[in-house]
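The figures that follow rest on heavy atoms only: side chains count, while hydrogens, waters and symmetry mates do not. Residue numbers start from 1 in every chain, and the chains themselves are labelled A, B, ... in the order their sequence lines are given, proteins ahead of strands.
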Amino acid sequence: MIRAEHVVYEVSGRTILDDISVSVAKGTTLTFMGLSGAGKSTFLKCVSGLNKVKSGAIYVDGQNIVGLSEKQLNDVRKKVGMVFQYAALFDSLNVYENVSFGLRRMNRKLKEKEIAEIVEKNLALVGMSGVEDRMPSELSGGMKKRIGLARALVMNPDILLYDEPTAGLDPITAAAIAELIVKMRDELGVTSVLVTHDVQTIKTASDTMAMLHEGKIVGYGTKEEIFAMDGIVKQFLEGSTEGPVKIS
Amino acid sequence: MTRKKPERKSGITTESALTAPVKAVGDALGAFFGFLGETARIFTATLILILRGKINIRDTVNLMASIGVSSLPIVAVTVMFSGGVISLYLAQIVVKWGFGSYTGAVVGISVVREIAPILTAVVVAARAGSAIAAEISSMKVTEQIDALKALAVNPLEYLAVPRMVAAVLTLPMLAMMADVAGVFGGYYVAIANKVASGGFIATFEAMVTPRDITMGLIKTLFFAVVIVTVAVQQGLRVEGGAAGVGKATTNTVVLSIVIIYILNFILAYVMFNGGPAVG
């Protein structure tokens, strides 16, 4: 469903992603983990075409998105939903308008009643019914992330990209979000790429995992294989200061 | 243990002193042409979207109300007092020479050709241009622009098009009201300074042509395009957090005003054929 081959991404001559090759099978979740600044979110934006890679190929549903024009990318983006780190809800729109935003623009033939039904259904799916009239500033961090997920879900995407969906949340809300990610995979058959450094979310939501360190993949495999690894991967998963990575 | 030789150190300093200004000029030119290229790209892309009819009427009307309502009181007050102050200086001089009635002509031409269009544009740049830049730059730093793209929405279609159309429609209307406010201010100050009411009105009618008023209003169309294009460009290029938003907002006001004044000179030269103010 998603395949990245030798992806290199640079900003102002600085290499952020160096020779990244991973693949995500249909209906599974690949988790990218790593320290802050490792390049995890950057990779996610490369997959959605928001970042233009220097070299390599990224296949989304069989189509290489590298080098596509914005118009061509928009066709690919219709299959891809993205949940942003801080939800990125539109400040000036209420919850209903936020969730229906893409739907309204992508499918102009839909009647208001049909839009309302789709919004209601997806808000219920993420456990956020009854907040349609609230503004983003009136929502907690966890609520915003759920609304962000609902906004992505209304487009009925085949692929969901989650950027730090549990960052800054309390453990209970974080667990609820992680379970929601699993629900999306199991009930809707969505293929997902999840970026996080929350070990509990990694354990709950991942099928396969990749560990990024300084722009390179230092561990890649199934959840079981990754949890059996030594070195940086082990140090990260154990949250230890002892190991190859020294924080000064 | 080795020590650096003084000559070597001196050589580096000399080289740096020579290359630093060249580098600074190069950076400034790069930034200038980068700005020109980026604004040209945004303007062209926005214009194409407008010509293709990608205009959200509801957003545009809301923005027209927002730009108009937020700017009208400031425009009216500033232009009214500017008309008044011209009248004040002029009346003090011309009344002594027996040409008091010409205050109407001079105030009229000054207001409709220059003061109303320019001050309207400056106020809108400060009030609405800064708001546009602040809104877009905030959206950029909070990933809302990325969210638009991820939802397959062209940010220029959603952000620049309604603002451009709203500004282009609103600025001439504001300038028209500014014309009235400026002449009104000039008239009352002139009367207070012993200029005959009939004389003021007669010279105003004789010298201020519909062409003067129209050209003044046409200028504001160009100014509207400048304000919105600069605000969108500055908003979209922002980097960093709150500091970046503040910088984008300030830059928008400064750049817009500078460009408006330069453009005003060019437009005045072209529209009035480089000729005398009255002719």
| task | Return the option, out of A/K45, A/K71, A/R151, A/R77, with the maximum number of heavy-atom pairs under 4.5 Å with chain B. | result | A/R77

| Closest heavy-atom contact between B/V238 and B/V245? | CG2-N, 3.7 Å

| said: Let's test your reading of the structure: which of A/L103, A/L161, A/L89, A/D75 forms the most heavy-atom pairs below 4.5 Å with chain B? | reply: A/L89

| message | Using a 4.5 angstrom heavy-atom cutoff, name the option from A/A87, A/G49, A/S48, A/A88 with the most pairs to chain B. | response | A/A88

| query | Quick one: does NZ or CZ of A/R105 land under 6.0 Å from the six-membered ring centre of A/F101, within 45 degrees of the ring axis? | reply | yes

| query | Looking at A/L73, A/D91, A/V76, which has the largest count of heavy-atom pairs under 4.5 Å with chain B? | reply | A/D91

| field | Within-4.5 Å side-chain heavy-atom neighbours: A/M184 and A/E187 | value | no

| Structural part of B/N154 lying under 4.5 Å from a heavy atom of chain A | neither

| With a 4.5 Å limit on heavy-atom distance, are the side chains of A/V60 and A/K79 in contact? | no

| query | Are B/S130 and B/T252 close enough that a side-chain donor and a side-chain acceptor fall under 3.5 Å? | reply | no

| request: Please flag which part of B/L148 lies under 4.5 Å from any non-hydrogen atom of chain A: side chain, backbone, both or neither. | output: both

